[in-house]
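The block underneath contains the structure these notes are about, expressed in structure tokens.
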Amino acid sequence: MTRLLFFVSEAFRALRRSAAPSIAAIVTIVVTTLLLGVLIPVLKASEDKTADVREQIGLNVYLYDDASKAEIEALERKLLAIEHVEAVEFISKDKAAKILAGRLEGDLRESLKELNSNPLPASFAIDIDDPENLRAVSNAIAPVGSDGKPQPISPAIEEVRDARQDATKITRVTGAVTVVLGILAVLLLVASLLLVGNTIRLSIYARRREVEVMRLVGATNWFIRWPFIIEGVIVGLTGAAIAVAILWLGKVTVVDPLSESFALVDNFSTMGFTPLVITLVASATIVSALGSGITLRRFLRV
Amino acid sequence: MALTRSRKTTPARTRGRAAKLARERRTTPQPKPPIVALRDATVVYPGGHVALERVSLEIERGEFAFVVGPTGCGKSTLIKMLIREIQPASGKVLIAGRDINELPASKVPLLRRRIGTIFQDFKLLPNRTVYDNVAYALQVIGASRAEIRRKTPEIIRLVGLQSKIHNYPDQLSGGEQQRVSIARAFVNHPPLLLADEPTGNLDPETSIGIMQLLYRINRTGTTVLVVTHDREMVDKMRRRVIALEDGRLIRDERAGGYHDESTREFAARVRHELGVPGDQPE
């Protein structure tokens, strides 16, 4: 306990005595943490969007308005019997209208009410176990007849539509975005590691004589190392705390008001603020502490 | 050896150390090995320069010995070899009967805690006060806070710097800085004290003060080995002189006499013989 106190006080003494390099190290960490703090949520959002799109792949079977109840029930049984079909949900005309109304806002919703009739068809939403089987299921519902036109298994079916083409397009775009952002993030991480390492090396190099003296009076390597590591932890924590404060300010003043007025921003399901903060603080601290400890090694060779 | 026995003024702490040494000695075949023993030690620096060539010598416990020789004769190499800063290419370095080059690297700090070292350039920590510099040597060995608070002012008083206890090294004169470094080297009461040109940067009067301090430390039972090129001082001290030249041992003289003079008598005599006027230092 006494020893821990001693190490901590040694670390603070060193920080006070070499204020300029310490501030340089803190600023470096603030900048990197800030960049990571912006990149990680964006990366996460684009990934989640891709996953979203993949999940949504399914078939929609639209029905004629004059389909009878018996026809619909018979069709549902037939659809469930098809291989690879996981679930079938009947969406009536009323339900379709409600879903649409839920998606629209303000004036658009009002104008929907003004329509006297419901233009939306009833439909079946079909979930498929794997996007690969989409075509097979689609063919099973509406096999192509001898004349080249689809021959649906039920006279109630007006059209079979799949979101496959849209989905692959979205997947490809978001995939490219993810890769670019990922590369950017990795480059940034490497650059920041080098930068932090270099800053720490400078501050330790300035004190190499001190380390030499410590070794001469018989200090063990860990006795010399601990204050430096604790110093790194303090620098990392301070830098991360400042970066998180700036991020939080950004979230409150820019992102939150935006997501209230734009559904698009809100829709992006991204990382929660708390896990993001924990990740950032932990990584900044570990990088800084490790950087101190590893850099010191070359001065500790007996 | 008889002269070591005659000094029964050893303080209790030193006796504790001696007991510890004795315990460790039991594991070695020799009953009472010399504190320092070199056996054909040869040091070759990278590039092929031979700094020490087949040097063999023994220094007994409680001895006060000088190592002299011109610049580049291997004096400093000898000191560095004794604290395992550098390792010999061949030969053995035995401290208290143990070959220090067989120690694992993790035990080297423990060796250095048992050897006080003093340098020409003092090697003080510049951002610590006199008190903190001395206390650091105790913190390193894991001394309790009470122990540090008791021993540090005591040793600073011994070297005569109680009035400068909260000064930083750059606020002290060369002689005062060397006193701090002696205090740091001696605060753990090591059985062996090495001094590499302790008076190299100091004027004659200050040098006598430093030598007097080392002499006083020697009288508590600590073996003191001083490396110097100050031939005159060495001649006047009348202690054992080991001379090196081009890395070879060329002379090893055990000078007699004056062994039991007091510190005060010693200083007065040396001052007189060197022709330095003035009163007692401190």
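A, B, ... follow the sequence lines: proteins, then strands. Residue 1 opens every chain.
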Which heavy atom of [X] sits nearest to which heavy atom of [Y], and what is that distance?
X	Y	result
A:L216	B:R112	O-CB, 3.9 Å
A:L5	B:R145	CD1-NH2, 3.9 Å
B:R113	A:T220	NH2-CG2, 3.3 Å

Toward chain B, the part of A:R209 with a non-hydrogen atom under 4.5 Å:
side chain
Taking the six-membered ring for Trp, are B:Y136 and A:F6 parallel (under 30°), tilted (30 to 60°) or perpendicular (over 60°)?
tilted
Measuring from atom CG of B:D132 to atom CZ of A:R13, what distance do you get when rounded to the nearest 0.5 angstrom?
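So the CG of B:D132 and the CZ of A:R13 are separated by 4.5 Å.
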Pairwise distance CD(A:E10) to CZ(B:R128) - rounded to 0.5 angstrom
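Reported value, rounded in 0.5 Å steps: 4.0 Å.
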Please classify the contact of B:L124 with chain A as side chain, backbone, both or neither, using a heavy-atom distance under 4.5 Å.
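Backbone only.
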Tell me whether the count of non-hydrogen atoms from other residues, nucleotides or ligands lying under 6.0 Å of OH in B:Y45 goes above 12.
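Count over threshold, so yes.
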